[in-house]
Amino acid sequence: MREVAVIGCGMTKFGELWKKSLRDIFVEAALKAIDDAGVDRISSMYVGSMTPGLFVGQEHVGALMADYLGTPQIPAVRVESACCSGGMAFRLGLFEVASGHSDVVLVGGVEKMTDGADVTYALATAADQEYEVYHGVTFPGLYAMIARAHMHKYGTTRQQLAMVSVKNHHNGALNPNAQFRGEVTVDQVIKATMVADPLTVLDSSPVSDGAACVLLASMDIAKKVNKPAVKVIGTGAATDTLALHAREDITTLGSVKQSAEAAYKMAGLKPSDIDLAEVHDCFSIAEICIIEELGFVDKGKGGLFTEQGHTSLTGKIPVNPSGGLKSKGHPVGATGVAQVVEVVEQLRGEAEKRQVKNAKIGLTQNMGGSGASSVVHIFTNA
Amino acid sequence: MPSPRYHREMPQRYRLEAAKCSGCGRVAFPPRMVCNCGSRDFKGEKVSDYGKILTFTTIRVAPKDFETEVPYSVAIVESDNGVRVTTQVVDCKPNELEIGKKVKFVFRKLYTEGHTGIICYGYKAILI
Ligand SMILES: [Zn+2]
């Protein structure tokens, strides 16, 4: 397989974009990515979107987006893997360029969640409808059960969970595209409205609209475009049981561990080589489990590691410099691609106030459901 | 939900019917066609009526069908023969739940589908 680089990226602001439609936000992000790279054509397109059918009653969004992007003839397909639809779309686009089949591929992610659909129901379709959702459990409920088990087994504290949100809001306040640009305190997080004990609304990522797009290209094209190339040097994906209850250990996200191991192996790197990571903090506990599975810290020590400030912008391994899903927003299908946008900006040195110093190697981790699917990518500017 | 879909799950929801893998002895709930060990040979088995709480939460923001029930407790329970399920824990206050506490499965109503839909039944757990 040949080398592949990200040559352009763009995203909309995340938030409640009531004046813009699903197709509007996708095309806005796509045009930004195309202009960023300065290319005049794309060969094909992958669109990550979890459930446009439930959110806005629209399926067949691959063709729809190709149409409204003014490229109605190209192959275009939607990719779905719940909240990691965007990351999985990126992986397929990567393979299409790496295989030599195409030279420039657009990978986008999009979700329009605030048009009035029953969001709790739509998101719950990522869990087991017959054996989880039937019994009244919600996504906050599933992650709350992971949190409770993690606290019981490892002594992770309520305060440590809150510190994830505090850190991500701090970073998001520096990100002009973030949905929530205000700082929060540990006390505010703990005392916020309870959603599913022990998690409050401030442990949870918000309901958002948004889109993000990147262009992937072969190295000979990457050398000729506007911006310095950011190479993709590792990819890994894995699945786990759809139902949380079927896992050997409730506190272990096996798909995250396996997808990370595959990506590290391909890149020839280890966790300590990573300079920054964008991870899937759909709930505060998720970030704690993920940094453990990614190998940044030993299993069970993620809470303490966060409390010690190692994941802050100036810490040992900055995690979610963008503000993460918590503060930047979580338009589910767009998230995995938006993570790539952040890492590319960081590796180009374009991240302004949230720039991680001397960033050379970045990692993205995007996850579906309660961890039933995960995808990891590793990037370098070298 | 459409009645064929509801009807198919009744053996599990009403009678906790499971299947034991002849290859590795693991009890699958719901029954499945292939075990992770590779075996396709299963024998009928029932989920034990008793188990313990592995983890739990209290749902305070519920899906539409459960909106009138909040707050309610949901737990992951492991049965005495090793089957894990997600289930409501009822007839107790949320603060009475603890990891490790023993429970028994009981047959209960889960919810009613809107005003004209079917009444959906299944297992819940009670503390013992
Ligand atoms: Zn078996």
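Chain A is the first sequence line, chain B the second, and so forth, proteins listed ahead of strands; every chain is numbered from 1. Both backbone and side-chain heavy atoms feed into the values below; hydrogens, waters and symmetry mates do not.
- Annotation: side chain of Tyr6(B) is in contact with side chain of Arg13(B) (closest heavy-atom distance under 4.5 Å).
- Counting only heavy atoms from C-beta outward, the side chains of Glu67(B) and Lys64(B) approach each other to under 4.5 Å.
- Only the side chain of Leu110(B) comes within less than 4.5 Å of a heavy atom of chain A; its backbone N, CA, C and O stay farther away.
- Heavy atoms from other residues, nucleotides or ligands lying under 6.0 Å from OH of Tyr14(B) number more than 12.
- Heavy-atom distances place both the backbone and the side chain of Tyr131(A) under 4.5 Å from chain B.
- Heavy-atom neighbours of chain B within the stretch residues 238-255 of chain A, taken at a separation under 4.5 angstrom, comprise Leu244(A), His245(A), Ala246(A), Arg247(A), Glu248(A), Asp249(A), Ile250(A).
- Contact of Phe29(B) with chain A is made through the side chain alone, with heavy-atom distances under 4.5 Å.
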Begin from the C-alpha positions of Arg8(B) and Glu130(A) and carry the test salt bridge (Lys or Arg N to Asp or Glu O under 4.0 Å) through to its verdict.
CA-CA 10 Å; Arg8(B) 280 196 300 271; Glu130(A) 311 295 5; 5.5 Å; no
Check the pair Lys299(A), Glu293(A) against salt bridge (Lys or Arg N to Asp or Glu O under 4.0 Å), reporting the backbone distance first and the verdict last.
CA-CA 7 Å; Lys299(A) 189 72 209 163; Glu293(A) 309 304 354; 2.9 Å; yes
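- Partners of Ser165(A) according to the side chain to side chain contact (heavy atoms under 4.5 Å, CB included) rule, which considers only residues two or more places apart in sequence or in another chain, are Val189(A), Asp203(A), Ser284(A), Lys326(A).
- Using a 4.5 Å cut-off on side-chain heavy atoms (C-beta onward), Pro198(A) and Met151(A) make contact.
- Using a 4.5 Å cut-off between heavy atoms, Val133(A) touches chain B through its backbone atoms (N, CA, C, O) alone.
- The candidate from Val119(A), Thr120(A), Val195(A) with the greatest count of non-hydrogen atom pairs under 4.5 Å with chain B is Val195(A).
- Across Val201(A), Val137(A), Asp128(A), the residue that shares the most heavy-atom pairs under 4.5 angstrom with chain B is Val137(A).
- Your options are Thr87(B), Asp65(B), Ile59(B), Val77(B), and the one with the most heavy-atom pairs under 4.5 Å with chain A is Ile59(B).
- Using cut-offs of 30° and 60° on the angle between ring planes, the pair Phe105(B) and Tyr123(B) is perpendicular.
- Within a 6.0 Å sphere centred on CZ of Arg40(B), other residues, nucleotides and ligands contribute 12 heavy atoms or fewer.
- Contacts with chain A were tallied for Leu54(B), Thr58(B), Val70(B); Thr58(B) has the most, counting heavy-atom pairs under 4.5 Å.
- Taking the centre of each ring, Tyr121(B) and Phe107(B) come in below the 6.0 Å mark.
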